Asks: 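Handing you this structure, nothing more for now.
Below, chain A is the first sequence line, B the second, and so on; all start at residue 1. Only a predicted model underlies this, so the values are computations on that prediction, with no experimental measurement involved.
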Protein chains: 2
Amino acid sequence: MPPRSYVSPARSAAAAETRERVIEAASRTLRDESIARFSLDTVAKAAGVTRLTVYNQFGSRRGLLEAVFDEIARHGGLHQLADAMTMADPRAALDRMVEIFCGFWSRDSAVGRLHDAMATDPEFAEAVRERNERRRRGVTGLIDRIAGKSASQQARSDAVDLIFALTSYPTFASLSAGRSKDEVCRLVQAACHAALAPLLGPSSRGTGEASLEG
Amino acid sequence: MPPRSYVSPARSAAAAETRERVIEAASRTLRDESIARFSLDTVAKAAGVTRLTVYNQFGSRRGLLEAVFDEIARHGGLHQLADAMTMADPRAALDRMVEIFCGFWSRDSAVGRLHDAMATDPEFAEAVRERNERRRRGVTGLIDRIAGKSASQQARSDAVDLIFALTSYPTFASLSAGRSKDEVCRLVQAACHAALAPLLGPSSRGTGEASLEG
DNA sequence: AAATTCGATATACATAATGTATAGTCAATC
DNA sequence: GATTGACTATACATTATGTATATCGAATTT
């Protein structure tokens, strides 16, 4: 006879709660320790569950890291990107986008450790890269709106890739030594403005907007 | 009685040769596999020695990685930096420096894997960071020569840190998707030019040198 | 009320990696 | 010929991920 299966509200609620507890414990561990010392044993103990429970919930270390990443993304303010992209002025939208990502990179120091984890787990790295592709698409869209009709495809790609690199986590982390989040933000915004200059055509050099000054 | 110790030319020569063989095997392994699959077992077998020999020569996994990094640095063309720094025109020196580093980052793909290793080994990361400080000092020296007297300390720091980030390996790797080494080099050079603009004072905007175009 | 299902636990095991310890091998040097 | 030093052989301790099996206990179904 077929087994009778059922869904239990109380069960799923409890499971969801432990899942949250594990993610929270994992985030805390990532914040406190380096990725080298991030073990499922540590996380499980910090969450007050068994290591096997972590496997039940996330399948693997990689699954846990992805869950943490998604949790941070949910609470990191990236939802504001939708509004930013619909702004009338694409340059203002770019500034806003830089601001949103600076806020995202700085909000939870665990994101840095997650980027470290990309080095040792190629599949996790791929997962993070896919999530970053949204940023690249966003930049591409804005560049297409900013670029004049005479701008070559080459110039567009250059601008997109430069701005993508400038708004990446490694760049943010590098510039964060001795700077507040807002200072980094202004610096990156200025660098992005400079990266737009070639899109405007040779005639519009030196209009001020292309300068690095905020 | 004290043990009579001696130095043996033949012995040290043979040891130096096996050391080279291990480093070579480690470089090859780093080129072929991800850092996650970089184990002393693999390297030892590839070099035709025992794992214990690796420990005898390098003390630890970290010691081996540092030896590989130094070996790559020796053959990576960084010695050209000395000449570049003494060029009369500091802007030309900066261009040359970007060129030298693009060559360095692209010469041996093992450098990418070594940067990955920074994530899991904090002490190795510190060692690599110290070696990168030479680049930062070089940039600082050039900026001081380029900056006008009116340039604020803030503006100098901004330019130094931006150029340091632009010439870093992560930026190079990010821009390398779909670009040749030379194309990346020209793009980074242009971005560095743009980063210099604020140093020249507000009056010299739009002189062309500050544009992103090569 | 009894049977069952599901999340979590307990325990054990396989595998791989770093690192340490000890004894042994063999050619180079004294 | 005795000894030294680089390398080997073997073994062991530790830590981590991941898998397998049996069990407990509470929520749900019949």
Asks: Begin with the C-alpha distance, continue with both residues' side-chain angles, and end with the deciding distance and a verdict on side-chain contact (heavy atoms from CB on, under 4.5 Å) for A:R96 and A:Q80.
Replies: CA-CA 9 Å; A:R96 181 84 183 100; A:Q80 301 169 308; 3.6 Å; yes

Asks: Is there a side-chain contact between A:T50 and the phosphate of C:dT9, meaning an N or O under 4.0 Å from OP1 or OP2?
Replies: yes

Asks: Please say whether more than 12 non-hydrogen atoms of neighbouring residues, nucleotides or ligands are located less than 6.0 Å from CZ in A:R145.
Replies: yes

Asks: Roughly, in whole Å, what's the span from CZ in B:R21 to C1' in D:dA6?
Replies: 12 Å

Asks: Do B:R51 and C:dG19 share a donor-acceptor pair, side chain to base, under 3.5 Å?
Replies: yes

Asks: Would you list the protein and nucleotides 25-28 of chain C atom pairs, both N or O, that sit under 3.5 Å from each other?
Replies:
| residue | atom | partner | partner atom | Å |
| --- | --- | --- | --- | --- |
| C:dA27 | N3 | B:R11 | NH2 | 2.4 |
| C:dA28 | O3' | B:S8 | OG | 3.0 |

Asks: Do the numbers put A:R135 on top of the ring of A:F164, so that NZ or CZ is under 6.0 Å from the six-membered ring centre and no more than 45° off the axis?
Replies: yes

Asks: Rounding to a whole Å, what distance do you find between A:L52:CG and D:dT21:C1'?
Replies: 11 Å

Asks: Got more than 12 heavy atoms from elsewhere within 6.0 Å of CZ, A:R37?
Replies: no

Asks: A:A15 has a side chain; which of C:dT9, C:dG7, C:dG19 sits nearest to it?
Replies: C:dG7

Asks: Between atom OH in A:Y55 and atom C1' in C:dA12, what is the gap in whole Å?
Replies: 15 Å

Asks: Between A:T18 and B:S39, which is nearer to the 5' end of DNA chain C once each is assigned its nearest nucleotide?
Replies: A:T18

Asks: Taking for each residue the nucleotide of DNA chain C bearing the nearest heavy atom, is the 5' side occupied by B:T42 or by A:V49?
Replies: A:V49

Asks: Quick one: B:F38 CZ to C:dA17 C1', roughly how many Å, whole number?
Replies: 13 Å

Asks: I need the CG-C1' distance between A:N56 and D:dT23, as an integer number of Å.
Replies: 14 Å

Asks: Just the rounded figure in Å: distance from C1' of D:dA6 to CD of B:Q57.
Replies: 8 Å

Asks: For B:F101 and B:F104, take the angle between the two ring planes, folded into 0 to 90°, and tell me which bin it lands in: parallel under 30, tilted 30 to 60, perpendicular over 60.
Replies: perpendicular

Asks: Which label fits B:W105 and B:H115: parallel for a plane angle under 30°, tilted from 30 to 60°, or perpendicular past 60°?
Replies: perpendicular

Asks: Atom NZ of B:K45 to atom C1' of D:dC7: distance rounded to whole Å?
Replies: 17 Å

Asks: Is it possible for you to check whether B:R62 lies under 6.0 Å from the centre of the six-membered ring of B:F124, through NZ or CZ, and within 45° of that ring's axis?
Replies: no

Asks: Write down the distance between CG (A:L40) and C1' (D:dA16), rounded to a whole number of angstrom.
Replies: 8 Å

Asks: Between the base of C:dG7 and the side chain of A:R19, is there a donor and acceptor pair under 3.5 angstrom?
Replies: no

